[in-house]
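When reading the values below, keep in mind they use all heavy atoms of this one structure, side chains included, and skip hydrogens, waters and symmetry mates. Naming: A, B, ... by sequence-line order, numbering from 1 per chain.
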Number of protein chains: 2
Amino acid sequence: MGEREIIAIFVQMAQALGAPRSLGEIYGLLYATPQPLAFQDIVDRLDMSKGSVSQGLRFLRSVGAIKPVSRAGDRREFFEPVLELRQLVAGFLRERLNPQIKEWGVRARALRPDDFSFGALAADDRETVSKRLTKLKTWQKRAGTVLPVVSKLLG
Amino acid sequence: MGEREIIAIFVQMAQALGAPRSLGEIYGLLYATPQPLAFQDIVDRLDMSKGSVSQGLRFLRSVGAIKPVSRAGDRREFFEPVLELRQLVAGFLRERLNPQIKEWGVRARALRPDDFSFGALAADDRETVSKRLTKLKTWQKRAGTVLPVVSKLLG
DNA sequence: GATTTAGTTCATTTTGAATTGAACTCGACG
DNA sequence: CGTCGAGTTCAATTCAAAATGAACTAAATC
């Protein structure tokens, strides 16, 4: 049965991106299964705790990696994977990386070259520090510009 | 002294990318220091074990984030940060993500739709599985294409 | 309005990655 | 040669992130 192997691939992907393996397992299971699955199905088939599945589903939904579907006459929510790579990446960048980049910006802009003048700092050293601080701020801006482009590229 | 704050920013960046904080500390210290530093300087100033510094420097060198410089009449190696974002990102993608993507490709291409025919799998379910496997392989290819473009964009 | 089913929350536990540190290598220098 | 300084290696330890599971809420069902 190839299902386990698909799941293993997504676990590996998750880990390469620094995400918990449980996310890879859940998304992988949904990906390998033609029909949408309900919460309890996932718990059973992955033999994972309800807590992990609950949190995993919440995250996957928040980045738009899965979408909930309803079935008439069944009050459970079912889930199916979003298959578009573009959406996955865009969601990941939006939820995970962008907030971080914004925060780097705030912290970087708060840095003042004067703060580095402990003891005797030669003029050209001051100059170097100053340039590097500027560069750091430039990075932050550029990262913010590039990310949206990347997710377009993948779409 | 702003040095600690610069280091903190790089630690945060490292962690956002799923890298160990020690990498952020080492790179951050080099970034905040106008003059190149030697191995033992780093150990002392960060109060970090020789083991961590050794491994950290090796990794940073391997991705091209720092470069060694020699000083006449001193057998120690000194290190200074590479300031070009493009090189950092390119190195990171090359060393970290590309090998992973290659491996996903190998594993994805090994998947056969037939492996999923456990029990009764309806014709349209087979169809769905088949399409998804194809899509997975497409992803892998596309990721391999996009990464080089990204690092160009940043250069 | 009691009970069952579906899912959430969060304090505790587990686990695996990061870090340490002691033993080691390698070359320089007396 | 001996030993000193610079750096590496890797088994053991630490620690933070992830997973668990028991207690909980909310909504449907009888």
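Between D/dA18 and A/Ser22, no contact under 4.0 Å exists linking OP1 or OP2 to a side-chain N or O. Between A/Ser49 and D/dG21, a side-chain N or O to OP1/OP2 separation shorter than 4.0 Å is absent.
Across the protein-nucleic acid pair, A/Met48 atom CE and C/dT13 atom P stand 21 Å apart, rounded to whole Å. A/Phe59 has its CZ atom 18 Å from the C1' atom of C/dT8, to the nearest Å. Separating the CD atom of B/Gln55 from the P atom of D/dA11 is a distance of 12 Å, rounded to the nearest angstrom. To the nearest angstrom, C1' of C/dC10 lies 11 Å from CZ of A/Arg58. Distance, B/Ile26 CD1 to C/dA18 P: 13 Å, rounded to whole Å. Taking atom NZ of A/Lys50 as the reference point, atom C1' of C/dT5 lies 9 Å away to the nearest angstrom. Nucleotide C/dT19 holds its P atom 13 Å from the CG atom of B/Asp47, rounded to whole Å. The CG-P distance, from B/Leu46 to C/dA18, rounds to 17 Å in whole Å.
The aromatic rings of A/Tyr31 and A/Phe10 lie tilted to each other, with the angle between the two planes from 30° to 60°.
The residue among B/Ala38 and A/Glu25 whose nearest nucleotide of DNA chain D is located toward the 5' end is B/Ala38. Comparing A/Ser52 and B/Pro20 along DNA chain C, the residue whose closest nucleotide (by nearest heavy atom) sits nearer the 5' end is A/Ser52.
When side chains are defined from C-beta on, B/Arg112 does not count as touching B/Leu133, because their heavy atoms never get closer than 4.5 Å. With contacts defined as side-chain heavy-atom distances shorter than 4.5 Å, the pair B/Ile101/B/Gln140 qualifies.
Geometrically, A/Arg71 engages A/Phe78 in a cation-pi contact defined by less than 6.0 Å to the ring centre and at most 45° from the axis.
Looking only at atom types and distance, the side chain of A/Arg21 has no donor-acceptor partner in the side chain of A/Gln12 under 3.5 Å away.
Comparing C/dT8, C/dG7, D/dA6 by their nearest atom to the side chain of B/Arg75 picks out D/dA6.
Here A/Glu77 lies in heavy-atom contact (under 4.0 Å) with sugar-phosphate atoms only.
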